[in-house]
Amino acid sequence: MKKIYHLSTCSTCQRIIKELQPLTDFELQDIKTEPITTSQLEEMHKLSESYEALFSKRAVLYRERNLKEQNLSEEDIKALILEQYTFLKRPVIIVDDQIFIGNSKKVIEAAKMAIHP
């Protein structure tokens with residue numbers, strides 16, 4: 001499977017997708033217009049082995065809901081990501097059995113190497 005979960009309104013996601021071109025055989029899913037499903041999130045979890053790795057602590061709602069003060073379990077984090085797309089760390093790039101989460105330079109370079117060996 002070759003897929004990128006992103007937010008089309010996010011300039012960082014747009015820049016990264018442009019940087020990763022050409023993306024032959026990739027499916028792009030805008031998580032705002034096409035919300036992630038439970039099975040898609042579970043697939044990401046299988047590859048990352050952690051919901052926390054997929055969770056964005058930069059989301060405005062993270063601060064607004066004072067989630068930092070709470071002791072969130074993996075199940076809590078899973079529920080939050082499914083409830084609100086902003087809790088998914090973006091972009092999530094899946095190349096076969098590899099997953100690349102977030103927008104750090106190191107992660108994007110690794111994704112680039114996996115996409116264009």
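Residues take their numbers from the sequence shown, with the count starting at 1.
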Do you reckon [X] sits in the same ILVMFWY cluster as [Y], going by side-chain contacts under 4.5 Å, direct or chained?
| X | Y | result |
| --- | --- | --- |
| Ile93 | Ile17 | yes |
| Leu23 | Val92 | no |
| Ile94 | Ile31 | yes |

Interatomic distance, [X] atom [atom1] to [Y] atom [atom2] [nearest 0.5 angstrom]:
| X | Y | atom1 | atom2 | answer |
| --- | --- | --- | --- | --- |
| Arg58 | Arg63 | CZ | CZ | 10.0 Å |
| Phe87 | Leu61 | CZ | CG | 4.5 Å |
| Phe55 | Leu80 | CZ | CG | 5.0 Å |
| Asp76 | Glu83 | CG | CD | 11.0 Å |

task: Sort and list the pairs that fulfil salt bridge (Lys or Arg N to Asp or Glu O under 4.0 Å) and have at least one residue in residues 8-27, not counting sequence neighbours.
output: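 Found Lys3-Glu27, Arg15-Glu19, Glu19-Lys112.
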Which atoms form the tightest heavy-atom contact between [X] and [Y], and what is the distance?
| X | Y | value |
| --- | --- | --- |
| Tyr5 | Ile36 | CD2-CG2, 3.6 Å |
| Ala59 | Thr86 | CB-O, 3.5 Å |
| Ala114 | Val95 | O-CG1, 4.0 Å |

query: With a 4.5 Å limit on heavy-atom distance, are the side chains of Ile115 and Phe26 in contact?
result: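 Counting from C-beta outward, Ile115 and Phe26 do come under 4.5 Å.
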query: Does any non-hydrogen side-chain atom of Asp96 lie less than 4.5 Å from one of Lys2?
result: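 In short, these two side chains touch, coming nearer than 4.5 Å.
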- request: Only one of Leu72, Leu67, Leu82, Leu54 passes side chain to side chain contact (heavy atoms under 4.5 Å, CB included) with Ile77; say which it is.
  value: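 So, applying the side chain to side chain contact (heavy atoms under 4.5 Å, CB included) to Ile77 and each of Leu72, Leu67, Leu82, Leu54, only Leu72 qualifies.
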Tell me which donor-acceptor pairs under 3.5 Å the side chains of residues 97-104 have, and how far apart each pair is, sequence neighbours excluded?
| unit_1 | atom_1 | unit_2 | atom_2 | d |
| --- | --- | --- | --- | --- |
| Ser104 | OG | Val107 | N | 3.3 |

- prompt: When you look at Asp30 and Thr9, which way does the side-chain contact (heavy atoms from CB on, under 4.5 Å) test go after all the steps?
  reply: CA-CA 9 Å; Asp30 183 348; Thr9 55; 5.9 Å; no
Atom pairs and distances, donor-acceptor, side-chain atoms in residues 41-50, under 3.5 Å, two or more places apart:
| unit_1 | atom_1 | unit_2 | atom_2 | d |
| --- | --- | --- | --- | --- |
| Glu42 | OE2 | Lys78 | NZ | 2.8 |
| Ser48 | OG | Met44 | O | 3.1 |
| Ser48 | OG | Ser50 | N | 3.4 |
| Ser48 | OG | Ser50 | O | 3.0 |
| Ser50 | OG | Glu52 | N | 3.1 |
| Ser50 | OG | Ala53 | N | 3.0 |

- prompt: If only atom types and distance count, is the side chain of His6 paired as donor or acceptor with the main-chain N or O of Thr12 below 3.5 Å?
  reply: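 Checking the backbone N and O of Thr12 against the side chain of His6, no donor-acceptor pair under 3.5 Å is found.
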query: Hey, is CE on Met113 packed in by over 12 heavy atoms from elsewhere, all under 6.0 Å?
result: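 No.
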